Amino acid sequence: MNAIQIKMREVAGQLLSLGEVDRVIGWEKGRFAHQSPPAFITDETKVERLIWDEYCLTGTAKYLLDDPYRAGKTGLFARGCDARAINRLIQDGQVKRENIVIIGICCTGMSDSVSRQMAAKCCDCTHPTPVVYDLMIGEPVKPVAKPERFKAVAELEQKAAQEKSEYWTRQFAKCIRCYACRNICPACNCRECFADQYRVGWLGKQHHTAENQVFGLTRAYHIADRCIECGECARVCPVGIPLMELNRKLIKDIQQLFGDYHAGVDSETAPPLGRYSLDDMEEFM
Amino acid sequence: MDIIELSAGGTQHQVEIARLASIAGVELSSCYQCGKCSAGCPEGFAMDESPRRIIRLLQLGLLSEALQARSIWLCAACDTCSTRCPKGVDIAALMETLRQEAKRKALIRDKNIHLFHELFLTNVKWFGRSPEVILSAMYNLMSGNLFQDMDAAAHLFKSGKAHFLPRRIKNTQAIRQIFQRCLEKEEPQ
Amino acid sequence: MALMTEANWEPKVLAFCCNWCSYSGADLVGLNRMKYPENVRIVRVPCSARVNPQFIIRAFQRGADGVLVAGCHPGDCHYSTGNYYTRRRFLVMKRLLEFIGIESQRFQARWISGAEAVKFRDTVTKLCEDIKALGPQRKLRDQK
Amino acid sequence: MRRIGVFICHCGSNIAATVDCAKVAEAARGFPGVVYSADYKYMCSEPGQEFIKAAIAQEDLNAIVVASCTPRMHELTFRKTLANGGLNPYLFEMANLREQCSWVHTDKEKATVKAIDLVKMAAAKANKNEELTSSTMPVHKKALVIGAGIAGMQAALDIADAGHQVVLVEREPTIGGKMPMLDKTFPTMDCSACISTPKMVEVAQHPNIELLAYAEVTEVKGFIGSFTVQIRQKAKYVDHDKCTGCGLCETKCPSKVPNEYDLGLGQRACIYKPFAQAVPNKPVIDPLHCRKLVDNKCGLCAKVCPTGAVNYQDAERLFTDTFGAIVMATGYDLYPWEEIYGEYGYGRFPDVITGLQFERMVNASGPTGGKLKRPSDGQEPKSVVFIKCVGSREPAKAKGYCSRACCMYTAKHAHQVLDKIPDAAVYVFYMDVRAAGKAYDEFYEATLKDGAVYLRGRVSKIYQEGSKLIVKGEDSLLGRPVQVTADLVVLATAMIPSQGSRELAQTVGFLPDLDGWYQEAHPKLRPVETPTAGVFLAGACQGPKDIPDTVAQAGAAAAKVCGLLSKSQLETNPMTARSNPAICSGCGLCVAVCPYKAIQLISLADRDRYGKRINRTVADVNHGLCQGCGACTVTCRSGAIDLQGFKNNQILEEVDALWR
Amino acid sequence: MKYAYYPGCSLDATGIEYDIANKLVARTLGIELVEIPDWNCCGATSAHTTNHLLALALPARNLAIAEAHGFEQVAVPCAACFARCKKTAAAVQASPDLQVQISEVIGMTYAAKSEILSYLDVIGKKTGLDHIKKHVVQPLTGLKIAAYYGCLLVRPVDITQSDDPENPMVMDRLLQVIGAEPIAWDYKTECCGASQVVPVPQLGKKLIHDILKNAASYGADAIATACPLCMLNLDMRQKQINAMFGTQFHIPVFHFTELMALSFGYSAQDFGLAKHFESAESLLERMIGGKGA
């Protein structure tokens, strides 16, 4: 029973018993040892279900959208990525800061449920300590610059057009359009996703590589300047499409083109594609 | 002055004129005959056809008149006209191209100028350099004005500005090769 | 459409032109009777900021061999700030398209004012020539 | 069910010459939704429009596609036709077969294939077009005229006479512009001051005109019907209410500086009126040279001023007002020939002057009291050379266009020299004499009769020899180089847009052309309007012209403004953005990109998925402010906000149609 | 700074004093001039009058030799050679297949990489005026000089990269630095006819007469040139022109480097002032107290 887990239960119990919040979202042990799915606890007596181990991989923030107009506050256990996700939802007007009690946890990285090694998304994590919280468990750590996380993107960029095309065609050929990537992504908070709309002409419903690619590219472009690099989309993709490579390509370009911007680190600065500067780089003269 | 029949056989010249104009990099139609080139030409006063009229002749397809004008020989290639032309027409390049074409067609309108340049090049071909004394001596001899610039000869030799013996370069073979390769493409019509 | 054999294949290039500048620049090309290849199809939009980068992905997927997005010069936009957003959006989308393997010449964005007929003609002509050289665009295409 | 009628226009032979219209019409019959197609010689003509109305009735059409010229030309015409035919004017689409197909291609077979594609695109969009109705927006019955030269004054007077309020802004201390600087005007040689100063006074006294001299427009927001404009009036340091214009201060001011109005030929004090008949006829203080303002000495003018009007602490004033229409009348400047004409001496020779400097000298109220003098030694010139097209018709290093007025004013100058100095010799180096106005050529003939020697050829070089100027040219009619020894050389320099006009265009929100002249909406059909609705052009700001054309254009612009201001409501463009609350998640990203601040988030009463009553935020578009640019539609990921008339599905249909 | 030095045929004969003065000034200012070994004639007017390719090939050989010896910059004192070398370099840079053709014709590879500068540019632009000012020992105060550039140094502008085709100031600024008084006259860039005066003497001499007349009308004590052929025409033919036009011109003509040598304190004997036709003794006597004579 590690210290964080004890603290989690204690805090959750207090919050629930005092009626500060009427539900708490954390993690609990799943059926298998390598599974710690999210836990939704409303009764202070059930706080023992809360656990903190190396498999608390799932993001907690997006579950706030299940019932956005719910009365009462929600206690949310938030690691570094979840805190940025909360900022994302606040900035997109989907949740109100005052409805959440954020219990920050200084995360030290989770393990991949298959390889049992440090999960890819955690190796690349730059903000392990939550950037927004009401109370904090664990020792805060300064954000870490990790330029090597763009290495895969840089390598792919050098390849010839034909090679790049084959690579992505092969990846998107696997896509089964389960939309897990969209469902888990905190930046994907539209009421009705373009992929679900009928006869607008964005996307064919046919399930073949070309339409898959249009879906993948369109979604990547939608979250280009809002992706918080939580890495969940790539993790949850049942067929293992390297979606984070697409997102990182866009993030790298946006940082190079419009200056250093980390989505979700604060809820004030607007995403770069929603604003402009008179001396933006000029390539179209 | 006989009437110029513009439509007769004009086209044949047009093709030839277009070729010459493209060698000189000149768009004949952009010249609106403003005369600024003729006005500024240092040799203009001595020309039978001012630079503007040479272009006018070409615009109207009168290639032979242009090639027989003395102007294209008098042109000193000083580029005043091309620099000042309001339409950016490179008249100097056109004059040069016409002069080369006239030489090719053996239309020598000024014997002395032709003679001077031929002698100059012959010297360069053999010595690799241009020996000024030999050049002026040969020119005076062959042009018939034996005593031209003789007044300056004494001082030139006394002050060492002239010497009889021509300075020859070592690799004259390379120079002859250049002449041979450049002029062999040249089949005089 | 007649079956296009490789030899007489004619590319089809889509051009999104903003109504105030590049569309009227295209008209001016016509007014001056200048010529450019027949492969271009122009879609009129009120402002280059109306062109959603998703239209480009969609165009390539439906069969476009090349796409041009043309707008007013920054500072001249009829809606004052429209093309500032266009510039950012297509600086990013241009790189994304190259990243997934679409040759860089196939997608062009250009600022063309209502008076720059020559620039419009030259941009479009060069675009068609480049694409003729590249051959048909088969990436992102439905696997028919 | 969509029943589309497709009409292919021949446009005489403009389209039919390179596009097989019958074949296109025939192919159009096969497009989805098309139930009728035909081709006709002139769709935009009266019979053409009747043809459409008849087809609507007979074939029960509910959408129309016209494949003809650019929609920028006749979209409005055909929309009216649909309205007259009982159809909503927005169930309509055009295919541009002329400017973007027949005129730009030569191969008929390929052009026809392209034409079919263009019609297929238009039909696909027409399939999705929806009925739209325009609403109205208010028109502020007030006009702003920028620039108070003859163009601005005339426009302001005409608008004011029609009963509308006008604000006339002029950045110089006096109105009048270039015209009062001149001595005589062609072709009637009546005195320029006599016909311009009365107009200046009329403007100053007109009840409907508020004159803001010494002021500049700094910011323009909004659009036709309601432009909110900020005007900055520079500090005058003289209270024009107290000042009686007695001019005592001007006589006492010790520091003299070159008078810009006299183009360096005359001097003025630091508290000055540019010229005697200036309007407003009260001085301003030049802050850069006045000793009091620069290093706090002197102060003589304040001492002598009988009404105590001088105020050294005066500050600039800001005005803000709302206008229904704006007229640009910013005029022209002369090309800075000294910067590029090395062959004429780069301005080193004092006796080489411009036409305006000549005008200032021969002007009775000018620095030389109407006497023509050589700036170098003040002598009366006996031999005067005029050179035309200096900087004009010269794409290599200056301007490619013809400046239109120089042929006539140079003929006038020649006439004036021969008139004032009987034994003078006058030479005019020219390339052409363009005297196309009424009584213009007769005027030129008269100048020839006076004895002006016209030499056909451009001058290649001017140089000094002793006190004379040697002018080298060629008389290309004779074909011989010629040379003139001149006492005075007057250059007819090119006209260029007035300084700062490009920045002003960006402030007001329309485009200059490549040379910087203001771009008219259509050179033939809409010469006094700009593509930006509500902004009109008058005078030389639109391109070089002389006074008769300028006054005519000013009247035309005024007529257009009166047409606009006579309405109290303006039909708005219905093609604005509209947000669908069902899809909108209230993220607010669209609010930030709207240039007109037309979108705000509002609270919407709704029920959540469990049926509970809730209030959620959604975007809402103010159709009065929205100008239909569509920037918001791209920031909206879910496509909740869409642009009517250019909806996502409509544009995507056009894209798909090409490869269906 | 190290330059490949291409003297040209004139500096080997009628322009010998120009060559001497150039080297003297170079030594004083610490500029290293290395003569291009076995250089050949650039063909001047005669080549480009006869054949386009020949006119490019002759200068190309010299430039190719300079490039082979690793020179990045070539100093060319004669205006005619300068113009021909510049045209060749520009033509070769503009078209790769001409580069191949020229290399074939001259039997060496010529890549047109090195920068070609007139000697006036080397001194007036590259060396810097304050560096020159340091060496001025005996400023030529009071000497009113007409700086004559001729045509090939300044036109065509895009080839010669001259500062101004109508009113260049490089030499004027140089003359100011060495204490002289350059005058603003009008025939700065009018052509002197160059070799034209040999086959068509009346025409050539008219041109030279006009230049002298304009300089005289501005009260020039002397004329400075930066081209051996202009020097020859203006200096050697003043007597012929006085005879032909009945004028009394006796205007000493200098190479600009000779004036610089004087200002650096050298005396006339140290360089070829005595070789001039129009003697400058009386002028120098008056100006700098006989030290220079």
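Only heavy atoms go into these numbers, but all of them, side chains included; no hydrogens, no water, no symmetry mates. Only a predicted model underlies this, so the values are computations on that prediction, with no experimental measurement involved. Labels below follow one simple rule: chain letters A, B, ... track the order of the sequence lines, proteins then strands, and each chain is numbered from 1.
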>> Quick check on the interface: out of A:Met281, A:Lys249, A:Gln256, who has the most heavy-atom pairs with chain C under 4.5 Å?
In response: A:Lys249
> Any idea which of C:Thr81, C:Ile102, C:Asn52, C:Ile57 has the most non-hydrogen atom pairs under 4.5 angstrom with chain A?
Replying inline: C:Ile57
> Can you say whether A:Leu257 sits under 4.5 Å from chain C via the side chain, the backbone, both, or neither, judging by heavy atoms?
Replying inline: side chain
>> With a 4.5 angstrom heavy-atom cut-off, is it the side chain or the backbone of C:Arg87 that approaches chain A, or both, or neither?
In response: both
> Crowded around A:Lys146 NZ? As in, over 12 foreign heavy atoms under 6.0 Å?
Replying inline: yes
>> Under 4.5 Å from any heavy atom of chain C, what part of A:Leu203 do you find: side chain, backbone, both or neither?
In response: backbone
> If every non-hydrogen atom of A:His207 is compared with every non-hydrogen atom of A:Ile176, which pair is closest and at what distance?
Replying inline: NE2-CA, 3.5 Å
> So what's closer than 4.5 Å to chain A heavy atoms on C:Phe60: side chain, backbone, both or neither?
Replying inline: neither
>> Would A:Arg275 pass as a cation-pi partner of A:Tyr261, given that its NZ or CZ must be under 6.0 Å from the six-membered ring centre and within 45 degrees of the axis?
In response: yes
> With chain C, which of A:Leu273, A:Leu156, A:Val153, A:Leu217 has the greatest number of heavy-atom pairs at distances under 4.5 Å?
Replying inline: A:Leu217
> Does the pair C:Cys72/C:Cys18 show an SG-SG distance of less than 2.5 angstrom?
Replying inline: no
> In terms of heavy-atom pairs under 4.5 Å, which option from A:Phe194, A:Tyr167, A:Phe258, A:Phe172 contacts chain C the most?
Replying inline: A:Phe258
>> At a 4.5 Å cut-off on heavy atoms, which part of A:Leu250 comes close to chain C: side chain, backbone, both, or neither?
In response: side chain
> Quick one: is the NZ or CZ of C:Arg44 closer than 6.0 Å to the six-membered ring centre of C:Tyr23, and within 45° of its axis?
Replying inline: yes
> How close do C:Trp111 and C:Ser48 get, heavy atom to heavy atom, and via which atoms?
Replying inline: CZ3-OG, 4.4 Å
>> Just checking A:Lys151: does its NZ atom have more than 12 heavy atoms from other residues, nucleotides or ligands closer to it than 6.0 angstrom?
In response: no
